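Here the structure comes first, spelled out in C-alpha coordinates, and everything after it is commentary.
Everything numeric here is computed off the predicted structure, so don't read it as measured data. Counting convention: from 1, in listed order, for ligands and their atoms alike.
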Amino acid sequence: MMKTPICDFIAEYAKGDVLRLHMPGHKGCSIDTAWDFSHDITEIDGADVLYHSDGIIEESQQNARTLFSTQKTLYSTEGSSLSIRAMLYLALLHAKNNHRQPLIAAGRNAHKVFMTAAALLDLPVRWVYPQSETGLLCCKITPDDVASLFTDTDQPPTAVYLTSPDYLGNLADIAGIAKICHRHGALLLVDNAHGAYLRFLPKSQHPITNGADICCDSAHKTLPALTGAAYLHIAKDADASLCEWACSAMSLFASTSPSYVILSSLDRLNGYLYEGYAQKLASYCERLDDLKQSLADHGFQFVGNEPLKLTLYTKPFGYTGNDVASHLMAHRIVPEFYDPDHVVLMMTPEIPEHTHAHLHKVLCSMEQRPPIISRPPRLPHPKTVLSVREALLSPHVTIPISECRGKILAAPAVSCPPAIPAAICGEEIDDDVIALLSYYGHEHCCVVE
Ligand SMILES: Cc1ncc(COP(=O)(O)O)c(C=O)c1O
(Lines give C-alpha, C1' and ligand atoms only; values in the text may rest on other atoms or scores of the structure.)
Protein backbone atom coordinates (compact mmCIF):
# COMPACT_ATOMS: atom_id res chain seq x y z
CA MET A 1 0.00 0.00 0.00
CA MET A 2 1.25 3.48 -0.80
CA LYS A 3 -0.22 6.19 1.40
CA THR A 4 -2.08 9.17 -0.08
CA PRO A 5 -1.46 11.94 2.48
CA ILE A 6 -2.67 14.84 0.32
CA CYS A 7 -5.92 13.11 -0.66
CA ASP A 8 -6.51 12.11 2.97
CA PHE A 9 -5.96 15.63 4.25
CA ILE A 10 -8.32 17.15 1.69
CA ALA A 11 -11.02 14.53 2.26
CA GLU A 12 -10.90 15.23 6.00
CA TYR A 13 -10.98 18.98 5.45
CA ALA A 14 -13.92 18.77 3.02
CA LYS A 15 -15.87 16.68 5.54
CA GLY A 16 -15.16 19.02 8.45
CA ASP A 17 -17.63 21.70 9.41
CA VAL A 18 -15.28 24.68 9.01
CA LEU A 19 -15.90 28.22 7.95
CA ARG A 20 -13.41 28.83 5.13
CA LEU A 21 -12.25 32.40 5.58
CA HIS A 22 -9.32 31.78 3.24
CA MET A 23 -8.87 31.56 -0.50
CA PRO A 24 -10.35 30.36 -2.88
CA GLY A 25 -13.40 32.61 -3.06
CA HIS A 26 -15.85 29.77 -3.71
CA LYS A 27 -15.43 28.65 -0.04
CA GLY A 28 -15.90 25.04 -1.04
CA CYS A 29 -19.35 25.66 -2.58
CA SER A 30 -19.79 25.20 -6.30
CA ILE A 31 -21.83 27.67 -8.36
CA ASP A 32 -22.84 24.77 -10.59
CA THR A 33 -24.26 21.45 -9.39
CA ALA A 34 -22.20 19.60 -12.00
CA TRP A 35 -18.99 20.40 -10.09
CA ASP A 36 -17.86 19.74 -6.56
CA PHE A 37 -15.52 22.49 -5.32
CA SER A 38 -15.16 21.17 -1.79
CA HIS A 39 -11.76 19.55 -2.48
CA ASP A 40 -10.30 22.66 -4.09
CA ILE A 41 -8.06 24.28 -1.52
CA THR A 42 -4.65 25.85 -1.64
CA GLU A 43 -1.79 26.26 0.83
CA ILE A 44 -3.76 26.55 4.10
CA ASP A 45 -2.49 25.63 7.57
CA GLY A 46 -1.65 21.93 7.73
CA ALA A 47 -1.70 21.52 3.95
CA ASP A 48 2.07 22.08 3.57
CA VAL A 49 3.72 24.47 1.10
CA LEU A 50 4.55 23.11 -2.32
CA TYR A 51 8.16 24.28 -2.67
CA HIS A 52 8.95 24.49 1.06
CA SER A 53 7.39 21.18 1.94
CA ASP A 54 7.91 19.19 5.11
CA GLY A 55 4.43 17.72 5.60
CA ILE A 56 1.88 15.96 3.41
CA ILE A 57 3.36 17.16 0.11
CA GLU A 58 6.85 16.08 1.10
CA GLU A 59 5.54 12.65 2.12
CA SER A 60 3.73 12.29 -1.19
CA GLN A 61 6.72 13.46 -3.25
CA GLN A 62 8.84 10.95 -1.34
CA ASN A 63 6.49 8.23 -2.60
CA ALA A 64 6.94 9.52 -6.15
CA ARG A 65 10.73 9.44 -5.66
CA THR A 66 10.49 5.78 -4.69
CA LEU A 67 8.37 5.00 -7.75
CA PHE A 68 10.64 6.83 -10.20
CA SER A 69 13.84 5.93 -8.34
CA THR A 70 15.16 9.48 -8.22
CA GLN A 71 17.23 11.58 -5.83
CA LYS A 72 14.54 14.25 -5.98
CA THR A 73 11.09 14.49 -7.55
CA LEU A 74 9.03 17.65 -7.27
CA TYR A 75 5.43 18.09 -8.29
CA SER A 76 4.27 20.71 -10.77
CA THR A 77 0.65 21.77 -11.03
CA GLU A 78 1.55 23.82 -14.12
CA GLY A 79 2.62 21.08 -16.46
CA SER A 80 6.05 20.25 -17.79
CA SER A 81 6.18 23.88 -18.91
CA LEU A 82 7.05 24.89 -15.34
CA SER A 83 9.52 22.02 -14.93
CA ILE A 84 11.32 22.97 -18.17
CA ARG A 85 11.81 26.55 -16.96
CA ALA A 86 13.18 25.23 -13.67
CA MET A 87 15.40 22.72 -15.48
CA LEU A 88 17.03 25.47 -17.55
CA TYR A 89 17.53 27.65 -14.49
CA LEU A 90 19.25 24.70 -12.77
CA ALA A 91 21.48 24.19 -15.79
CA LEU A 92 22.43 27.87 -15.62
CA LEU A 93 23.30 27.69 -11.92
CA HIS A 94 25.20 24.45 -12.43
CA ALA A 95 27.42 25.99 -15.12
CA LYS A 96 28.10 29.09 -13.05
CA ASN A 97 28.85 26.99 -9.99
CA ASN A 98 31.49 25.21 -12.06
CA HIS A 99 32.92 28.57 -13.21
CA ARG A 100 31.81 28.01 -16.79
CA GLN A 101 29.90 30.15 -19.26
CA PRO A 102 26.48 28.46 -19.62
CA LEU A 103 25.68 27.11 -23.09
CA ILE A 104 22.88 24.69 -23.91
CA ALA A 105 22.96 22.54 -27.03
CA ALA A 106 19.34 21.77 -27.85
CA GLY A 107 17.60 19.60 -30.41
CA ARG A 108 15.83 21.87 -32.90
CA ASN A 109 12.43 20.27 -32.18
CA ALA A 110 12.27 21.69 -28.63
CA HIS A 111 8.89 22.82 -27.37
CA LYS A 112 8.38 26.58 -27.45
CA VAL A 113 8.62 26.87 -23.67
CA PHE A 114 12.28 25.89 -23.96
CA MET A 115 12.90 28.85 -26.23
CA THR A 116 10.99 31.38 -24.15
CA ALA A 117 12.60 30.16 -20.91
CA ALA A 118 16.10 30.32 -22.40
CA ALA A 119 15.37 33.85 -23.58
CA LEU A 120 14.05 34.98 -20.20
CA LEU A 121 17.06 33.45 -18.44
CA ASP A 122 19.45 34.94 -21.03
CA LEU A 123 20.79 31.44 -21.55
CA PRO A 124 22.66 30.99 -24.84
CA VAL A 125 21.44 28.12 -27.04
CA ARG A 126 23.22 26.24 -29.80
CA TRP A 127 20.61 24.50 -31.94
CA VAL A 128 21.35 20.95 -33.00
CA TYR A 129 19.89 19.89 -36.34
CA PRO A 130 19.34 16.26 -37.33
CA GLN A 131 21.66 14.67 -39.91
CA SER A 132 18.75 13.39 -41.95
CA GLU A 133 15.65 15.53 -42.05
CA THR A 134 12.16 14.23 -41.52
CA GLY A 135 10.29 17.47 -40.85
CA LEU A 136 9.99 19.84 -37.96
CA LEU A 137 8.61 17.47 -35.35
CA CYS A 138 11.38 14.96 -35.19
CA CYS A 139 15.06 15.62 -34.65
CA LYS A 140 17.06 12.41 -34.57
CA ILE A 141 20.21 13.12 -32.59
CA THR A 142 22.66 10.25 -32.10
CA PRO A 143 25.49 9.79 -29.59
CA ASP A 144 27.93 10.59 -32.44
CA ASP A 145 26.13 13.89 -33.10
CA VAL A 146 26.43 14.74 -29.43
CA ALA A 147 30.11 13.72 -29.34
CA SER A 148 30.84 16.19 -32.15
CA LEU A 149 29.33 19.02 -30.10
CA PHE A 150 32.26 18.68 -27.74
CA THR A 151 35.07 18.15 -30.23
CA ASP A 152 34.36 20.60 -33.07
CA THR A 153 34.24 23.75 -30.99
CA ASP A 154 36.18 26.03 -28.68
CA GLN A 155 33.10 26.50 -26.48
CA PRO A 156 31.65 23.10 -25.59
CA PRO A 157 28.12 23.08 -24.19
CA THR A 158 27.59 22.89 -20.45
CA ALA A 159 24.33 21.00 -20.98
CA VAL A 160 22.58 19.06 -23.74
CA TYR A 161 18.78 19.27 -24.02
CA LEU A 162 16.78 16.66 -25.89
CA THR A 163 13.09 16.03 -26.45
CA SER A 164 12.53 12.31 -26.05
CA PRO A 165 10.02 10.93 -26.80
CA ASP A 166 9.23 13.50 -29.47
CA TYR A 167 5.69 14.36 -30.54
CA LEU A 168 5.65 11.56 -33.09
CA GLY A 169 6.88 8.92 -30.64
CA ASN A 170 10.60 8.64 -31.40
CA LEU A 171 12.85 7.73 -28.48
CA ALA A 172 16.46 8.92 -28.48
CA ASP A 173 19.40 6.80 -27.33
CA ILE A 174 19.49 8.48 -23.92
CA ALA A 175 21.89 5.93 -22.41
CA GLY A 176 24.45 6.46 -25.20
CA ILE A 177 24.07 10.24 -25.15
CA ALA A 178 24.26 10.43 -21.34
CA LYS A 179 27.64 8.66 -21.36
CA ILE A 180 29.06 11.22 -23.77
CA CYS A 181 27.64 14.21 -21.89
CA HIS A 182 29.06 12.95 -18.61
CA ARG A 183 32.45 12.21 -20.14
CA HIS A 184 32.61 15.91 -21.07
CA GLY A 185 31.24 17.22 -17.77
CA ALA A 186 27.94 18.36 -19.30
CA LEU A 187 24.45 17.80 -17.92
CA LEU A 188 21.90 15.84 -19.92
CA LEU A 189 18.45 17.41 -19.65
CA VAL A 190 15.49 15.61 -21.20
CA ASP A 191 12.03 16.87 -22.05
CA ASN A 192 10.18 13.64 -21.26
CA ALA A 193 6.77 15.34 -21.25
CA HIS A 194 5.38 12.45 -23.32
CA GLY A 195 7.10 9.65 -21.43
CA ALA A 196 6.15 9.51 -17.74
CA TYR A 197 4.86 5.95 -18.27
CA LEU A 198 8.21 4.74 -19.66
CA ARG A 199 9.37 4.10 -16.10
CA PHE A 200 6.77 1.31 -15.73
CA LEU A 201 7.60 -0.74 -18.85
CA PRO A 202 9.00 -4.23 -18.16
CA LYS A 203 12.43 -2.69 -18.87
CA SER A 204 12.24 0.95 -17.84
CA GLN A 205 12.94 3.31 -20.72
CA HIS A 206 12.58 6.40 -18.56
CA PRO A 207 15.34 9.00 -19.17
CA ILE A 208 16.35 8.99 -15.49
CA THR A 209 16.85 5.20 -15.61
CA ASN A 210 18.93 5.66 -18.76
CA GLY A 211 21.30 8.29 -17.37
CA ALA A 212 19.72 11.73 -17.79
CA ASP A 213 20.53 14.16 -14.96
CA ILE A 214 17.22 16.03 -14.94
CA CYS A 215 13.95 15.54 -16.80
CA CYS A 216 10.38 16.70 -16.80
CA ASP A 217 7.39 14.38 -17.17
CA SER A 218 3.83 15.48 -17.83
CA ALA A 219 1.95 12.93 -15.72
CA HIS A 220 -1.22 14.22 -17.38
CA LYS A 221 -0.16 13.31 -20.93
CA THR A 222 0.22 9.55 -20.57
CA LEU A 223 -0.80 8.60 -17.02
CA PRO A 224 -4.27 8.91 -15.46
CA ALA A 225 -3.72 12.33 -13.83
CA LEU A 226 -5.44 15.69 -14.19
CA THR A 227 -4.30 18.20 -16.80
CA GLY A 228 -1.40 20.22 -15.41
CA ALA A 229 -0.02 17.39 -13.24
CA ALA A 230 3.70 16.98 -13.90
CA TYR A 231 7.07 16.21 -12.32
CA LEU A 232 10.61 17.50 -12.20
CA HIS A 233 12.97 14.57 -11.60
CA ILE A 234 16.65 14.68 -10.61
CA ALA A 235 18.72 11.51 -10.94
CA LYS A 236 20.24 9.71 -7.95
CA ASP A 237 23.79 10.23 -9.13
CA ALA A 238 23.32 13.83 -10.27
CA ASP A 239 25.19 16.63 -8.52
CA ALA A 240 23.56 17.16 -5.09
CA SER A 241 23.55 20.93 -5.60
CA LEU A 242 20.84 20.45 -8.28
CA CYS A 243 18.59 19.01 -5.57
CA GLU A 244 19.43 21.83 -3.20
CA TRP A 245 18.38 24.43 -5.77
CA ALA A 246 15.41 22.51 -7.19
CA CYS A 247 12.69 24.03 -4.97
CA SER A 248 13.87 27.58 -5.51
CA ALA A 249 14.09 26.86 -9.25
CA MET A 250 10.46 25.73 -9.37
CA SER A 251 9.19 28.53 -7.17
CA LEU A 252 11.01 31.13 -9.28
CA PHE A 253 8.42 30.49 -12.01
CA ALA A 254 5.47 28.86 -10.24
CA SER A 255 2.16 30.27 -9.09
CA THR A 256 1.91 30.84 -5.35
CA SER A 257 -1.54 29.22 -5.43
CA PRO A 258 -0.94 25.62 -6.51
CA SER A 259 -4.04 23.59 -7.25
CA TYR A 260 -4.57 20.92 -4.61
CA VAL A 261 -6.98 19.15 -6.93
CA ILE A 262 -4.03 18.57 -9.26
CA LEU A 263 -1.70 17.75 -6.35
CA SER A 264 -4.15 15.18 -5.04
CA SER A 265 -4.37 13.64 -8.49
CA LEU A 266 -0.56 13.16 -8.38
CA ASP A 267 -0.84 11.83 -4.84
CA ARG A 268 -3.52 9.32 -5.78
CA LEU A 269 -1.55 8.35 -8.88
CA ASN A 270 1.32 7.12 -6.66
CA GLY A 271 -0.94 4.44 -5.20
CA TYR A 272 -2.29 3.53 -8.64
CA LEU A 273 1.19 3.17 -10.12
CA TYR A 274 2.36 1.12 -7.15
CA GLU A 275 -0.59 -1.27 -7.24
CA GLY A 276 -0.05 -3.30 -10.41
CA TYR A 277 0.21 -0.57 -13.03
CA ALA A 278 3.34 -2.15 -14.55
CA GLN A 279 1.45 -5.39 -15.31
CA LYS A 280 -1.52 -3.47 -16.69
CA LEU A 281 0.81 -1.47 -18.94
CA ALA A 282 2.70 -4.54 -20.15
CA SER A 283 -0.45 -6.36 -21.19
CA TYR A 284 -1.89 -3.21 -22.80
CA CYS A 285 1.31 -2.75 -24.85
CA GLU A 286 0.87 -6.30 -26.17
CA ARG A 287 -2.73 -5.54 -27.23
CA LEU A 288 -1.57 -2.32 -28.85
CA ASP A 289 1.13 -4.17 -30.77
CA ASP A 290 -1.57 -6.52 -32.10
CA LEU A 291 -3.63 -3.51 -33.23
CA LYS A 292 -0.61 -1.95 -34.95
CA GLN A 293 0.13 -5.25 -36.68
CA SER A 294 -3.39 -5.62 -38.05
CA LEU A 295 -3.39 -1.99 -39.24
CA ALA A 296 -0.02 -2.65 -40.91
CA ASP A 297 -1.60 -5.69 -42.62
CA HIS A 298 -4.19 -3.30 -44.08
CA GLY A 299 -1.35 -1.15 -45.48
CA PHE A 300 -0.88 1.54 -42.86
CA GLN A 301 2.63 2.70 -41.99
CA PHE A 302 3.82 4.04 -38.65
CA VAL A 303 6.62 6.17 -37.34
CA GLY A 304 8.24 6.09 -33.91
CA ASN A 305 9.33 3.42 -31.46
CA GLU A 306 7.54 4.62 -28.35
CA PRO A 307 5.20 1.87 -27.17
CA LEU A 308 2.08 3.93 -26.40
CA LYS A 309 2.04 6.19 -29.47
CA LEU A 310 0.19 5.14 -32.57
CA THR A 311 1.51 7.56 -35.19
CA LEU A 312 0.25 6.93 -38.70
CA TYR A 313 2.49 8.07 -41.54
CA THR A 314 -0.36 8.55 -43.95
CA LYS A 315 1.03 9.63 -47.34
CA PRO A 316 2.28 6.15 -48.38
CA PHE A 317 -1.32 4.96 -47.76
CA GLY A 318 -2.57 7.63 -50.18
CA TYR A 319 -3.97 10.24 -47.79
CA THR A 320 -2.77 13.31 -45.97
CA GLY A 321 -2.80 13.29 -42.20
CA ASN A 322 -5.61 15.84 -42.40
CA ASP A 323 -7.70 13.41 -44.56
CA VAL A 324 -7.29 10.56 -42.10
CA ALA A 325 -8.00 12.83 -39.13
CA SER A 326 -11.22 14.06 -40.78
CA HIS A 327 -12.28 10.47 -41.36
CA LEU A 328 -11.62 9.59 -37.72
CA MET A 329 -13.44 12.67 -36.45
CA ALA A 330 -16.43 11.91 -38.68
CA HIS A 331 -16.60 8.67 -36.64
CA ARG A 332 -16.26 10.52 -33.35
CA ILE A 333 -12.61 9.56 -32.82
CA VAL A 334 -10.53 12.59 -31.91
CA PRO A 335 -6.78 12.39 -32.55
CA GLU A 336 -4.15 14.15 -30.46
CA PHE A 337 -2.60 15.82 -33.48
CA TYR A 338 -2.45 15.75 -37.28
CA ASP A 339 -0.51 17.53 -39.97
CA PRO A 340 -0.11 16.89 -43.72
CA ASP A 341 2.01 13.79 -43.04
CA HIS A 342 0.90 12.26 -39.75
CA VAL A 343 -1.91 11.46 -37.38
CA VAL A 344 -0.86 11.00 -33.76
CA LEU A 345 -3.09 8.85 -31.55
CA MET A 346 -2.17 8.73 -27.87
CA MET A 347 -3.08 5.35 -26.44
CA THR A 348 -3.05 4.31 -22.79
CA PRO A 349 -4.27 1.34 -20.73
CA GLU A 350 -7.15 3.56 -19.62
CA ILE A 351 -8.81 3.23 -23.05
CA PRO A 352 -11.87 0.97 -22.77
CA GLU A 353 -11.21 -2.57 -24.02
CA HIS A 354 -13.65 -2.59 -26.97
CA THR A 355 -12.29 0.59 -28.57
CA HIS A 356 -9.39 -1.08 -30.37
CA ALA A 357 -11.86 -3.03 -32.49
CA HIS A 358 -13.77 0.19 -33.26
CA LEU A 359 -10.61 2.10 -34.18
CA HIS A 360 -9.49 -0.78 -36.36
CA LYS A 361 -12.85 -0.92 -38.15
CA VAL A 362 -12.95 2.84 -38.78
CA LEU A 363 -9.36 3.00 -40.09
CA CYS A 364 -9.71 -0.13 -42.20
CA SER A 365 -12.86 1.25 -43.83
CA MET A 366 -10.38 3.50 -45.72
CA GLU A 367 -9.17 1.94 -48.95
CA GLN A 368 -5.49 2.21 -49.73
CA ARG A 369 -4.79 4.62 -52.60
CA PRO A 370 -1.68 5.38 -54.66
CA PRO A 371 0.87 7.02 -52.39
CA ILE A 372 1.13 10.78 -52.17
CA ILE A 373 4.67 11.68 -53.16
CA SER A 374 5.44 14.90 -51.37
CA ARG A 375 7.56 15.70 -48.38
CA PRO A 376 7.63 18.48 -45.80
CA PRO A 377 9.86 21.42 -46.77
CA ARG A 378 13.44 21.32 -45.57
CA LEU A 379 14.15 22.85 -42.17
CA PRO A 380 15.30 26.39 -42.96
CA HIS A 381 18.64 27.75 -41.76
CA PRO A 382 17.91 31.48 -41.96
CA LYS A 383 20.20 34.31 -40.97
CA THR A 384 20.16 35.13 -37.24
CA VAL A 385 19.85 38.89 -36.86
CA LEU A 386 18.94 39.23 -33.17
CA SER A 387 19.35 36.89 -30.22
CA VAL A 388 16.19 35.05 -29.17
CA ARG A 389 16.05 37.26 -26.10
CA GLU A 390 16.44 40.53 -28.03
CA ALA A 391 13.76 39.47 -30.52
CA LEU A 392 11.32 38.22 -27.90
CA LEU A 393 11.67 41.37 -25.81
CA SER A 394 11.19 43.74 -28.77
CA PRO A 395 7.97 45.58 -29.60
CA HIS A 396 6.24 43.46 -32.25
CA VAL A 397 3.38 43.33 -34.67
CA THR A 398 1.42 40.45 -36.21
CA ILE A 399 1.21 40.47 -39.99
CA PRO A 400 0.16 38.02 -42.76
CA ILE A 401 2.81 35.51 -43.83
CA SER A 402 2.75 36.97 -47.34
CA GLU A 403 4.18 40.24 -45.97
CA CYS A 404 6.86 38.67 -43.76
CA ARG A 405 9.78 38.24 -46.16
CA GLY A 406 12.88 40.07 -44.81
CA LYS A 407 11.32 40.78 -41.39
CA ILE A 408 12.69 39.43 -38.11
CA LEU A 409 10.64 36.87 -36.23
CA ALA A 410 9.68 38.19 -32.77
CA ALA A 411 7.66 35.40 -31.11
CA PRO A 412 7.94 31.67 -31.76
CA ALA A 413 5.69 30.73 -34.67
CA VAL A 414 3.91 27.65 -33.38
CA SER A 415 0.67 25.85 -33.78
CA CYS A 416 -0.50 24.18 -30.62
CA PRO A 417 -0.09 21.21 -30.51
CA PRO A 418 2.77 20.49 -31.13
CA ALA A 419 4.10 23.96 -30.15
CA ILE A 420 7.42 23.39 -31.92
CA PRO A 421 8.62 26.69 -33.37
CA ALA A 422 8.75 26.62 -37.18
CA ALA A 423 11.34 29.38 -36.98
CA ILE A 424 13.50 30.73 -34.19
CA CYS A 425 12.91 34.21 -32.76
CA GLY A 426 15.50 36.65 -34.08
CA GLU A 427 15.85 34.89 -37.44
CA GLU A 428 15.23 36.73 -40.68
CA ILE A 429 12.19 35.31 -42.44
CA ASP A 430 13.22 34.04 -45.87
CA ASP A 431 11.44 31.97 -48.54
CA ASP A 432 12.34 28.67 -46.82
CA VAL A 433 10.83 29.89 -43.54
CA ILE A 434 7.68 31.04 -45.36
CA ALA A 435 7.39 27.65 -47.09
CA LEU A 436 7.64 25.82 -43.74
CA LEU A 437 5.21 28.16 -41.97
CA SER A 438 2.69 27.77 -44.81
CA TYR A 439 3.09 23.97 -44.84
CA TYR A 440 2.18 23.81 -41.16
CA GLY A 441 -0.82 26.06 -41.66
CA HIS A 442 0.40 29.39 -40.28
CA GLU A 443 -1.28 32.43 -41.80
CA HIS A 444 0.22 35.14 -39.62
CA CYS A 445 3.54 35.81 -38.01
CA CYS A 446 4.71 38.02 -35.17
CA VAL A 447 7.64 40.18 -36.32
CA VAL A 448 9.86 42.80 -34.76
CA GLU A 449 8.45 46.29 -35.40
C1 LIG B 1 7.36 17.87 -26.06
C2 LIG B 1 6.60 18.74 -25.09
N3 LIG B 1 7.26 19.33 -24.10
C4 LIG B 1 6.64 20.11 -23.18
C5 LIG B 1 5.29 20.32 -23.26
C6 LIG B 1 4.62 21.16 -22.22
O7 LIG B 1 3.97 20.30 -21.34
P8 LIG B 1 2.76 20.75 -20.41
O9 LIG B 1 1.57 20.88 -21.29
O10 LIG B 1 2.64 19.63 -19.43
O11 LIG B 1 3.13 22.04 -19.78
C12 LIG B 1 4.54 19.72 -24.29
C13 LIG B 1 3.10 19.96 -24.40
O14 LIG B 1 2.43 19.51 -25.26
C15 LIG B 1 5.22 18.91 -25.23
O16 LIG B 1 4.57 18.32 -26.24
**Request:** For this output row, return yes or no: ring centroids of H327 and H331 closer than 6.0 angstrom.
**Result:** yes
**Asked** Which bit of L82 is near ligand 1, meaning a heavy atom under 4.0 Å away: side chain, backbone, both or neither?
**Response** neither
**Asked** Which is it for M347 and L291 under the side chain to side chain contact (heavy atoms under 4.5 Å, CB included) test, yes or no, and what are the steps along the way?
**Response** CA-CA 11 Å; M347 314 296 285; L291 173 65; 4.3 Å; yes
**Asked** Any salt bridge between E58 and R65, counting N to O under 4.0 Å?
**Response** yes
**Message:** Which of the numbered atoms in ligand 1 are under 4.0 angstrom from any heavy atom belonging to H220?
**Reply:** 8 (P), 9 (O), 10 (O)
**Complete:** Distance col, row F302:CZ vs L345:CG, nearest 0.5 angstrom, shows 9.0 Å
**Message:** Tell me whether ligand 1 is touched by T227 - counting only heavy atoms on the residue side and a distance under 4.0 Å.
**Reply:** no
**Message:** Using ring centroids (six-membered ring only for Trp), state whether F337 and Y167 fall under 6.0 Å.
**Reply:** yes
**Item:** contact_flag D191 ligand 1 heavy-atom lt 4.0 Å
**Value:** yes
**Request:** Run the numbers for me: atoms of ligand 1, each under 4.0 Å from some heavy atom of A193, listed by number.
**Result:** 2 (C), 3 (N), 4 (C)
**Request:** Start with the C-alpha distance between Y197 and T348, add both sets of side-chain angles, then the distance that settles side chain to side chain contact (heavy atoms under 4.5 Å, CB included), and finish with yes or no.
**Result:** CA-CA 9 Å; Y197 77 96; T348 76; over 6 Å; no
**Prompt:** N/O to N/O below 3.5 Å, does that happen between Y167 and ligand 1?
**Reply:** no
**Message:** Parallel, tilted or perpendicular: which one describes the rings of H206 and H233, with boundaries at 30° and 60°?
**Reply:** perpendicular
**Message:** Under 4.0 Å from a heavy atom of S218: which atoms of ligand 1 are those, numbered in the order shown and with their elements?
**Reply:** 7 (O), 8 (P), 10 (O)
**Item:** Contact (N/O only, under 3.5 Å) between S81 and ligand 1
**Value:** yes
**Item:** Heavy-atom nearest neighbour of atom 14 (O) of ligand 1 within options K112, H194, H111, K221
**Value:** K221
**Asked** Hey, do the aromatic rings of F253 and Y51 have their centres closer than 6.0 Å?
**Response** no
**Item:** Residue part near ligand 1, for S80, under 4.0 Å between non-hydrogen atoms
**Value:** both
**Prompt:** What atoms of ligand 1 come within less than 4.0 Å of a heavy atom belonging to T163?
**Reply:** 1 (C)
**Fill in**
ligand 1 atoms nearer than 4.0 angstrom to some heavy atom of I84 are 4 (C)
